[in-house]
Protein chains: 2
Amino acid sequence: MKDPDSKTKIRRHSQADIVGAALSLLDDQGLPNLSMRAIADSIGVQVSALYWHFPNKQTLLARVSERLLGNSTIDSDADGDIESIAVDFHERLLAYRDAAELVSSSLALGLITLPARPLIHDAAVRAGLDDRGATIAADTIVHFVIGFTFHEQQRMNADSAGVVIHEAATMTVADIGAEADDFRSGLRLITAGIHATVKFL
Amino acid sequence: MKDPDSKTKIRRHSQADIVGAALSLLDDQGLPNLSMRAIADSIGVQVSALYWHFPNKQTLLARVSERLLGNSTIDSDADGDIESIAVDFHERLLAYRDAAELVSSSLALGLITLPARPLIHDAAVRAGLDDRGATIAADTIVHFVIGFTFHEQQRMNADSAGVVIHEAATMTVADIGAEADDFRSGLRLITAGIHATVKFL
DNA sequence: ACCTGAACACCGTTCAAGT
DNA sequence: ACCTGAACACCGTTCAAGT
């Protein structure tokens with residue numbers, strides 16, 4: 001409507017296209033195989049073409065991180081409790097292969113912000129913490145979720161590669177449920193700390 | 001004494017030599033520059049020589065991780081409380097550039113074990129948790145320490161590279177002290193959760 | 001505006017061959 | 001037992017040139 005046919009640009013690839021291609025490549029090849037050449041190949045373009053759209057690989061990966069975190073879905077559980085926000089964050093990371101490692105690296109380079117962080121901060125304030133306490137609580141939970149999921153996904157990769165890590169080979173279906181329980185238990189340990197801290201104020 | 005001169009092997013480089021060279025190279029060049037070629041150069045040897053001593057780079061790096069964690073110093077604070085064990089772990093990571101990222105990757109690949117883990121586990125049991133609770137507490141604290149230190153060291157690298165990350169440029173000497181306080185505060189949040197959980201048993 | 005083609009300066013790893 | 005020299009199959013990034 002706002003762009004009549006006279007102005008229909010034949011842009012062969014948008015940033016969004018490339019990010020989408022990279023995301024699905026990540027999911028079925030894994031982060032170690034997500035090279036600029038692999039991304040270029042998957043959309044039928046030369047590697048150098050990617051550098052017209054993005055200044056470097058890390059920036060491209062940061063956009064992929066944002067996409068899988070759903071940085072657009074601003075609201076979602078905007079006023080849930082801490083636990084449900086953390087569980088949602090955990091699930092988004094679990095939805096794509098190696099997502100925790102990818103997000104961890106984008107975050108470390110300061111190229112993304114996590115939607116979950118302010119949500120947890122505000123929930124902590126509602127729970128009774130002051131601003132500084134809420135910031136520390138948010139950081140602690142974010143570290144926990146990323147660290148936990150990182151290990152979780154690394155084990156998934158090792159399993160599917162047939163690698164035996166210690167005695168993990170004897171893991172049954174019940175153990176997978178136990179892993180999810182461990183996540184919630186670790187989370188509850190931290191939230192219990194938050195509530196206990198509130199009582200001292 | 002146990003090896004008379006007739007048997008004095010002229011081993012030109014031991015594994016320990018190489019690990020030591022890699023460790024000091026890590027400390028003044030950073031993890032991204034710690035290539036097999038750089039390590040080989042620093043001890044005056046061809047890259048391929050390293051592959052006689054180690055099967056691959058990750059294994060070499062795992063031995064470096066163990067060295068900087070002081071996996072030999074088994075005792076140290078064998079029966080301290082959770083907080084002092086975590087603080088010691090944090091200090092060992094802070095002692096070498098990029099140590100948190102290095103250890104995180106060795107750990108994810110299942111190539112090392114952390115001395116701090118069983119120490120925290122036992123301290124948690126002494127505090128009143130059962131075995132499963134103590135395991136979860138140990139993992140949660142380990143995730144927190146590594147995640148916190150990872151970000152801490154990434155910021156150190158960005159600072160020394162003159163990179164301005166957000167408004168971090170206005171950080172004063174007082175803020176450095178505040179950063180150390182944040183570590184202890186995050187830690188106390190988790191230990192408060194542990195003590196609160198114990199009361200429910 | 002968007003992409004090609006070719007190059008540069010690197011990687012980790014392997015392997016025959018030397019001593 | 002320990003290392004050299006050379007190669008293989010990759011990387012991320014740059015840049016002139018095309019359309």
Side-chain angles (χ1 to χ4, degrees), chain A residues 3-22 25-26 29-65 98 101-102 105-106 108-109 111 157 161 163, chain B residues 3-22 25-26 29-65 98 101-102 105-106 108-109 111 157 161 163:
Chain A
D3 194 280
D5 60 356
S6 70
K7 246 201 146 198
T8 357
K9 323 165 196 165
I10 330 165
R11 42 168 64 247
R12 321 183 210 180
H13 291 288
S14 62
Q15 288 203 195
D17 286 343
I18 299 171
V19 169
L25 209 54
L26 168 73
Q29 308 281 354
L31 190 57
N33 297 313
L34 193 63
S35 66
M36 292 298 267
R37 278 164 172 89
I39 297 169
D41 280 3
S42 83
I43 58 175
V45 104
Q46 295 290 323
V47 213
S48 48
L50 299 178
Y51 287 85
W52 190 89
H53 296 277
F54 304 92
N56 50 49
K57 186 185 183 181
Q58 284 306 328
T59 303
L60 198 171
L61 292 188
R63 299 293 88 80
V64 175
S65 297
D98 294 340
E101 185 175 359
L102 174 68
S105 126
S106 296
L109 294 170
L111 299 174
N157 284 341
V163 179
Chain B
D3 192 282
D5 61 355
S6 69
K7 246 200 145 200
T8 355
K9 324 163 196 169
I10 329 166
R11 41 167 64 249
R12 323 186 208 178
H13 290 288
S14 63
Q15 289 202 196
D17 287 344
I18 299 171
V19 168
L25 208 54
L26 169 73
Q29 307 281 355
L31 190 57
N33 296 313
L34 193 64
S35 66
M36 292 298 267
R37 278 165 172 87
I39 298 170
D41 280 2
S42 83
I43 58 174
V45 104
Q46 295 291 323
V47 213
S48 48
L50 299 178
Y51 288 85
W52 190 88
H53 296 276
F54 304 93
N56 51 50
K57 186 184 183 182
Q58 284 306 328
T59 303
L60 199 171
L61 292 188
R63 298 295 87 80
V64 175
S65 298
D98 293 340
E101 185 175 0
L102 174 67
S105 126
S106 295
L109 295 169
L111 298 174
N157 284 339
V163 179

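Lettering follows sequence order; numbering is per chain, from 1.
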Student: For nucleotides 8-19 of chain D, read 5' to 3', which letter fits each nucleotide if B means a protein heavy atom sits under 4.0 Å from the base, S means only the sugar-phosphate is that close, and - means neither?
Tutor: ---BBBBB----
Student: Counting a pair only when it is Watson-Crick or G-U and both distances are under 3.5 Å, which runs of at least 3 such pairs involve DNA chain D?
Tutor: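 Counting only runs of 3 or more consecutive pairs, the stems involving DNA chain D are C:4-8 with D:12-16, C:12-16 with D:4-8.
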Student: Specify the closest pair of heavy atoms between B/A22 and B/V64, including all atoms of both residues, with the distance to one decimal.
Tutor: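 Looking at all heavy atoms of both residues, the closest pair is CB-CG2, 3.8 Å.
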Student: Between P on D/dC2 and CG on B/L50, what's the gap in Å once rounded to a whole number?
Tutor: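 Taking atom P of D/dC2 as the reference, CG of B/L50 is at 14 Å.
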Student: Taking C/dC2 as the reference, what is the distance to D/dA17 when you measure between their P atoms (whole Å, please)?
Tutor: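 Rounded to whole Å, the distance is 22 Å.
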Student: To the nearest 0.5 Å, what is the distance between CG (A/L25) and OG (A/S35)?
Tutor: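 If I round to the nearest 0.5 Å, the distance is 8.0 Å.
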Student: From CG of A/D17 over to P of C/dA1, roughly how many Å is that when rounded to an integer?
Tutor: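 Going from CG in A/D17 over to P in C/dA1 covers 18 Å.
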Student: Is A/H53 close enough to C/dC3 that one of its side-chain N or O atoms is under 4.0 Å from OP1 or OP2 there?
Tutor: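 Checking C/dC3 against A/H53, a side-chain N or O does come within under 4.0 Å of OP1 or OP2.
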Student: Examine distances only and state if a side-chain atom of B/S106 and a backbone atom of B/L102 form a donor-acceptor pair shorter than 3.5 Å.
Tutor: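 Such a contact is found between B/S106 side chain and B/L102 backbone.
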Student: Looking only at non-hydrogen atoms, find the nearest pair between A/H53 and A/H13 and report the distance.
Tutor: CE1-O, 2.9 Å
Student: Please list, chain by chain and in numerical order, all residues satisfying side chain to side chain contact (heavy atoms under 4.5 Å, CB included) with A/T59, sequence neighbours excluded.
Tutor: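 Side chain to side chain contact (heavy atoms under 4.5 Å, CB included) check on A/T59 returns A/P55, A/N56, A/R63.
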Student: Measure from the side-chain N and O atoms of B/D17 to the backbone N and O of B/S14, and report whether any donor-acceptor pair falls under 3.5 Å.
Tutor: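 Between the backbone of B/S14 and the side chain of B/D17 there is a qualifying donor-acceptor contact (under 3.5 Å).
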Student: Does a side-chain N or O from B/Q46 land closer than 4.0 Å to OP1 or OP2 of D/dG5, or not?
Tutor: yes
Student: Would you give the length of the straight line joining atom CG of A/L31 to atom CG of A/L61, rounded to the nearest 0.5 angstrom?
Tutor: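 Interatomic distance, A/L31 CG to A/L61 CG, rounded to 0.5 Å: 7.0 Å.
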Student: If you look at every heavy atom in A/M36 and A/L50, which pair is closest and at what distance?
Tutor: O-CD1, 3.3 Å
Student: Could you check how far CD of B/Q15 sits from C1' of D/dA1, rounded to whole Å?
Tutor: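 For the pair B/Q15 CD and D/dA1 C1', the rounded distance is 13 Å.
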